[in-house]
**Student:** 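First the structure, which I've put down as structure tokens, then a few questions once you've had a look.
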Amino acid sequence: MVAYGKMSAEESREELHRVQAQYAAIQARGLSLNMARGKPAAAQLDLSTPMLTLLQAREDCFSEDGTDCRNYGVIDGIPEAKRLMAYLLDDDPENVFVFGNASLTIMHDAIARCLDFGCLGSTPWAALDGPVRFLCPVPGYDRHFAILEQFGIQMTPVPLTDSGPDMDEVEALVDADAHIKGIWCVPKYSNPSGITYTDETVRRLARMECAAEDFRIFWDNAYCVHHLYAEKERQDRVLDIGIACVEAGNPDRYLKFASTSKITFPGAGVAALAASPANLTEAKRLCNAQMIGHDKLNQLRHARFLPTAEALAAHMDAQADIIRPKFQLVQRILDEELSGLEIATWTDPRGGYFVSFDGLPGTAARTVELAKAAGVILTDAGATWPYGQDPQDANIRIAPTMPPLEELEQAMMAFCCCAKLAALEALEA
Ligand SMILES: Cc1ncc(COP(=O)(O)O)c(C=O)c1O
């Protein structure tokens, strides 16, 4: 294939007509496909459905320490749920605080507590003179950005490289500005690029000089066990931020989050926080006014359904068997349709839920618009950037897990056609 940018004017015009005709044919099919959000497919949810019948009778409802899970109490979670969540969070059960059904809620409320009460005796962030700022590796997760926007916290984008956030930039920024109070990190199979932080990145985050003494790393390990391949050597691993922070002499710098949303049921899973003893004590004290205890029956169901690391690994292998062919299909179609045209690059992750696609500058919004008009809904262009503003208008998040394979194939063919059309239009302009 000749690169679009190297075509003669004549070749370029012919290609535009060819792709326009292809687009018209796709539009005529009246598709109605959705690749917008990273939701599990129904077949993945089916894997966890047997969990629903695990608690049938009174005698099923007691945790291993004898707690009656039908009743109030145990604010930080039953022991077996702490063990399960500790595994996801790379931590010891005693450092785990099990919450409700969503890690986003925990992150949201953790930020609210920092704003209202400060951290371990520091000035509440909301009481500072001037705005609070957060570093946001980009491309990143739109809901992280939405939380900050809602609280009026200013977002400073920093590039996400193949090894994690650009640490030279991060170090310079946090050293110079005491109002930078935190950074979002999705350290493993990042949303959307799928990259995993290197050990060196984790160590630099742990030891960097921060002007804010209460700087916090929001470590969202949402995809901690979400490998696409069962073989250990094809799975990414990430250094534990907790250990790195202790070794660096900054033991309270991190807050870790995870949930079973994409292990069992999104919206009906279990979520947890892991943190240093001091941070944990503070969180428990402040949460005491907020709740008496979370859903322990759900904790019990989850702990019985996934009682060991081996059971969890087998369950995730079964999940991977369902979604791996979808990721492979996405790579095959992108490769067949776009390789050599020099109009796009894309990631090929070994886990997680997304593929990150970069088109020519100025084409992402147009690609998404063209796809929508052809019946294919994609994540909004710009969503992977703070305030929904991608300065290059280049990045699009592809979410392949939800549609069945046949639909995904149609959606990806349509997507590639739209990306070509947008590129040809941009080159012509
Ligand atoms: C990075 C990341 N964090 C958190 C979530 C949501 O997690 P939860 O369902 O536990 O709120 C998602 C969902 O897509 C995600 O991609």
Side-chain angles (χ1 to χ4, degrees), residues 34-41 44-45 48 77 81 84-85 87-90 96-112 134-148 150 155 160 164-165 182-197 217-228 236 238 241 254-274 294-295 298-299 302 306 319 323 327 347 349 351-356 378-380 383-386 395-402:
N34 194 319
M35 282 202 297
R37 298 238 56 110
K39 291 186 184 179
Q44 291 175 262
L45 305 176
S48 302
L84 168 64
M85 299 313 287
Y87 183 75
L88 300 182
L89 289 157
D90 247 341
V96 172
F97 183 168
V98 186
F99 279 72
N101 70 323
S103 59
L104 264 182
T105 313
I106 316 177
M107 298 177 223
H108 174 281
D109 288 0
I111 291 179
F134 252 60
L135 300 186
C136 298
V138 284
Y141 178 39
D142 54 352
R143 291 185 185 272
H144 284 164
F145 305 152
I147 292 174
L148 298 181
Q150 177 143 299
M155 295 180 254
L160 187 71
I183 183 170
W184 283 120
C185 292
V186 183
K188 194 169 178 183
Y189 304 134
S190 185
N191 175 353
S193 71
I195 65 103
T196 295
Y197 292 16
I217 297 168
F218 284 72
W219 195 253
D220 179 2
N221 214 346
Y223 299 103
C224 45
V225 290
H226 301 62
H227 315 287
L228 285 177
D236 290 0
V238 73
I241 189 68
Y254 68 93
L255 298 168
K256 298 194 247 180
F257 309 90
S259 79
T260 67
S261 286
K262 286 164 182 173
I263 296 173
T264 57
F265 301 129
V270 175
L273 162 77
H294 289 102
D295 182 349
N298 201 29
Q299 293 177 22
H302 276 77
L306 301 168
Q319 299 265 11
I323 61 174
F327 278 81
T347 57
Y353 259 58
F354 304 101
V355 172
S356 181
L378 298 164
T379 311
D380 283 343
T384 54
W385 279 72
N395 188 253
I396 297 173
R397 184 180 79 166
I398 297 175
T401 54
M402 173 98 153

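Nothing here was measured: the structure is a model prediction, and the numbers come from that model. Each ligand, and each atom within it, is numbered from 1 in the order the structure gives.
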**Student:** Check Asp90 with Lys188, please: is the shortest side-chain N to carboxylate O separation under 4.0 Å?
**Tutor:** no
**Student:** Where does the angle between the aromatic ring planes of Phe354 and Tyr223 fall among parallel (under 30°), tilted (30 to 60°) and perpendicular (over 60°)?
**Tutor:** perpendicular
**Student:** List in chain and number order the residues that pass salt bridge (Lys or Arg N to Asp or Glu O under 4.0 Å) with Asp380, two or more places apart in sequence or in another chain; answer none if no residue qualifies.
**Tutor:** none
**Student:** Does the ring centre of Tyr197 sit less than 6.0 Å away from the ring centre of Trp219?
**Tutor:** yes
**Student:** State yes or no: are the ring centers of His144 and Phe218 separated by less than 6.0 Å?
**Tutor:** no
**Student:** Can you work out which protein residues put a heavy atom within less than 4.0 Å of ligand 1?
**Tutor:** Ala102, Ser103, Leu104, Tyr141, Val186, Asn191, Asp220, Ala222, Tyr223, Ser259, Ser261, Lys262
**Student:** Closest approach of Thr264 and Gly269, non-hydrogen atoms and distance?
**Tutor:** OG1-CA, 4.0 Å
